[in-house]
Amino acid sequence: MPQVFETYIPLPTTLGCTPKLRTATKGNNVIRGVPIVNGELGQLSAKIRTFLEESVALCQPDRIHIVDGGDKESATLLNILHAQGTIQPLPKYDNCWLARTNPTDVARVESKTFICTDKREQTIPTPKAGVNGTLGNWISPEGYDTAIRSRFPGCMKGRTMFVVPFSMGPIASPLSKFGIEITDSAYVVCSMRIMTRMGLEVLEKLADNSDFIKCLHSVGTPINGKISMPSWPCDPERTIILHKPANNEIVSYGSGYGGNSLLGKKCFALRIGSTIAQREGWLAEHMLILGITDPNGVKKYIVAAFPSACGKTNLAMMNPTLPGYTMECVGDDIAWMKFDSKGQLRAINPENGFFGVAPGTSMETNPNAMNTVYKNTIFTNVAATSDGGVFWEGMEKEISPDVEITDWLGQPWKLGVSKTPAAHPNSRFCAPASQCPIIDSAWEDNEGVPISAILFGGRRPEGVPLVYEANSWAHGVFVGSAMRSETTAAAEHKGKMIMNDPFAMRPFFGYNFGDYLKHWLSMEQRAEKAGGHPPKIFHINWFRKDAKGKFLWPGFGENSRVLEWILRRIDDQDCYRDTPIGRVPSAGALNLDGLKSPVDEKELFAIPKQFWLKEVDEIKQYYDNQLPHDLPQEIAKELQKLTVRVEQM
Ligand code: GTP
Ligand code: SPV
Ligand code: MN
């Protein structure tokens, strides 16, 4: 049972950590009269100090803790979170913890996420008159200021303000960027320690007063405020996630969960990241990065963009069923990519950990993920077992039959009897990437790994084949722009419906999607100017269903068969046939030898004319409604060409 306190237990005034980096501090170790209980003023560059001073004036915390990133600090914070009832230990494993959130704070809140620019068109395409735009939310500079002024003053009264220096990407990589997250959540600090490179090393890098992304986060419940669940303070009704690219600034209020509060992830690495990438000529994408070595020992890397909860982590860590192949993981959610001086696309994973979907992950589907999460991991909203372990949907075969299960809400739960899920569908594990048994030896390479193919995909129960290849770069960019997928529990959408999710970035664009498309189209020239060429683009769909609603494709490790075909296409082998929508494996080219149960290849690759007539019509409507002014000509042309090909089927 979670411990629920009637009053919030404040942090002790001193956390007893010895900062590794010391510089002489003149005067008291205070900012605006607020004591620094860990770390010293002298560790902060002038820019960080200004940011901190402004944040202290606004939020009025009782004390300030400059995060050093050390083991002792982490252990202390975890113990405090335990005492508060935010987390409980999982004694079955090594240094693992279970957090239960307020049941109203369980996923990203896309409707409350805004980008602030002077003009609306900088952030979002102007939709057709009378149509609601679905490609992000804009807020005016005035609205932005008002949103902050009406929420933040005094929001940290009675609380500790943590100052989290972090790096997205290996600290020494020229592709990396730094941030400072100011937060009043120790859970966020402990999670950021896993998800990013965090602590004194980053402060040292910033000591030359260089710029950083300013991230301000509050759970939004001062200790003297009314709290419905003291172990997970939040303010769901007034939650807001704000970004101001012009100031390199992120401000998040009211939620402690995932992408809402771990600001290095979606807010920085994707939303602010994509605006920097546009300016600097690279790509910040919602993509996994995977290394594949074939039986001849030839290694290639691919990236893949699937919407939230559509299989990135699983593909990134897959155990190939095809003999002779080895897969290694570089990243499971975000890729920063840049063409190098030779025109070769290179990618780094800006993250340091995995914030992965728990349900569906098992020794059968993703043993590498399972073997990653049994130490130094924070689980959130999964179920607990009476022997001190975790449980979620998909782990039925992995628990002993005599354990008792407590669901994510803290209630007793019985396998086969209880009607509600044991774990929240968006419950997650937060685990260090370095613990992944198949982490790639080059995963922290400062220059990034060379990318040979880009995959797009989603949950398409109908009409979309297992795999197809785009005919050209422009066609591939069109395929990305036309991506659609069934909604999942990763955001606040209710029920399952097919939704447009271009590039799996719909919730994460930092600027106008029309400009984003132009930026992507321009990459071909960028590569060619440097003497290279852009990678081939593919679309995959593991989720096609038969008439009875059963998946046609076994997925997971069997997806290696599709990757094998993709590798052959990277080498330009003649193993495809043209179809109106793109290139698919020619007869017999997809290796299906040794599949446990036979698959219906014909149905997997069927391209029904009626379906595709409707699909192209819906894509057209989508562009007409969402991008009547902002759609690049090249993309309109690709749709036109596809329409003609489908009509001629
Ligand atoms: P985010 O972290 O939200 O960005 O999600 P993700 O894209 O990393 O998705 P993830 O790999 O965590 O998969 C989400 C769900 O899809 C899990 O329940 C998986 O079991 C399921 N899934 C992943 N790959 C496959 C597959 O090949 N076939 C089927 N049927 N299900 C899959
Ligand atoms: C996603 O939703 O795509 C995630 C989880 O990776 S979150 O960090 O909450 O955005
Ligand atoms: Mn994701």
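Every number for a ligand or one of its atoms is a count from 1 in the order of the listing.
The part of Cys310 lying near ligand 1 is the backbone, judged by heavy-atom distances below 4.0 Å. With a 4.0 Å heavy-atom cut-off, ligand 1 is reached by no atom of Leu288. For Pro359, every heavy-atom contact with ligand 1 shorter than 4.0 Å involves the backbone, none the side chain.
The shortest separation from a heavy atom of His286 to ligand 1 is under 4.0 Å, placing the residue in contact. Residue contact annotation: Asp333 has a non-hydrogen atom under 4.0 Å from ligand 1. Using a 4.0 Å cutoff on heavy atoms, Pro307 counts as a contact of ligand 1. By the 4.0 Å heavy-atom criterion, Arg459 is counted among the residues contacting ligand 1.
Looking only at protein heavy atoms, the nearest one to atom 26 (C) of ligand 1 is Phe556 N, 3.7 Å. Ranking protein heavy atoms by distance to atom 2 (O) of ligand 1, first place goes to Arg428 NH1, 2.7 Å. The single protein non-hydrogen atom nearest to atom 20 (O) of ligand 1 is Gly360 O, 3.4 Å, given as residue, atom name and distance. Atom 9 (O) of ligand 1 has as its closest protein heavy atom Gly311 N, 2.9 Å. The single protein non-hydrogen atom nearest to atom 19 (C) of ligand 1 is Asn314 ND2, 3.6 Å, given as residue, atom name and distance.
Glu558 and Arg561 are joined by a salt bridge, as a carboxylate oxygen and a charged side-chain nitrogen come within less than 4.0 angstrom of each other. Salt-bridge annotation for Glu444 and Arg197: present, with a side-chain N of the basic residue lying under 4.0 Å from a carboxylate O of the acidic one. Taking a cutoff of 4.0 Å between a charged side-chain nitrogen and a carboxylate oxygen, Glu462 and Lys545 do not qualify as a salt bridge. A salt bridge links Lys265 with Asp333: at least one charged nitrogen is closer than 4.0 Å to a carboxylate oxygen. Salt bridge annotation for Glu486-Arg460: absent, with no cationic side-chain nitrogen under 4.0 angstrom from a carboxylate oxygen. Using a cutoff of 4.0 Å between basic side-chain nitrogens and carboxylate oxygens, Asp235 and Arg151 are not scored as salt-bridged.
Trp443 and Asn349 form no side-chain donor-acceptor contact under 3.5 Å, judged by distance and modelled atom types alone. When only modelled atom types and interatomic distance are considered, Arg193 and Ser74 share a side-chain donor-acceptor pair under 3.5 Å. Counted by atom type alone, Ser427 and Asn381 present zero donor-acceptor pairs between their side chains at under 3.5 Å. Looking only at atom types and distance, the side chain of Asn541 has no donor-acceptor partner in the side chain of Tyr468 under 3.5 Å away. With 3.5 Å as the limit, one finds a donor-acceptor pair spanning the side chains of Arg108 and Ser308. In this structure, a donor-acceptor pair under 3.5 Å is absent between the side chains of Ser485 and Asp501.
Between Gly555 and ligand 1, a contact under 3.5 Å exists for no N or O pair. The distance criterion of under 3.5 Å between nitrogen or oxygen atoms is not met by Phe551 with respect to ligand 1. For ligand 1, the polar-atom distance check against Phe543 finds no nitrogen or oxygen pair separated by under 3.5 Å. Annotation: Asp332 places no N or O atom under 3.5 Å from an N or O atom of ligand 1; distance criterion only. Among the atoms of Ala309, some N or O lies under 3.5 angstrom from an N or O of ligand 1.
Protein residues with a heavy atom closer than 4.0 Å to ligand 2 are Arg108, Gly258, Gly259, Lys265, Lys266, His286, Ser308, Asp333, Phe355, Arg428, Ala490, Phe508, listed by chain and number.
Between Phe379 and Tyr93, the ring planes lie tilted relative to each other; the angle falls in the 30° to 60° range. Ring geometry, Trp520 versus Phe456: the interplanar angle falls from 30° to 60°, so the pair is classed tilted. Taking the six-membered ring for Trp and thresholds of 30 and 60 degrees, His519 and Tyr511 have ring planes more than 60 degrees apart, a perpendicular arrangement.
Here Ile334 does not reach the Mn ion (ligand 3): none of its N/O/S atoms is less than 2.8 Å from the metal.
Both tests pass for Arg459 against the ring of Phe543: distance under 6.0 Å to the centre and angle within 45° of the axis.
Those atoms of ligand 1 with a heavy atom of Thr313 less than 4.0 angstrom away are 6 (P), 8 (O), 11 (O), 12 (O).
Nearest N/O/S atom of Asp333 relative to the Mn ion (ligand 3): this is OD1.
Residue nearest to atom 4 (O) of ligand 1, selected from Lys312, Lys266, Lys265: Lys312 (by heavy-atom distance).
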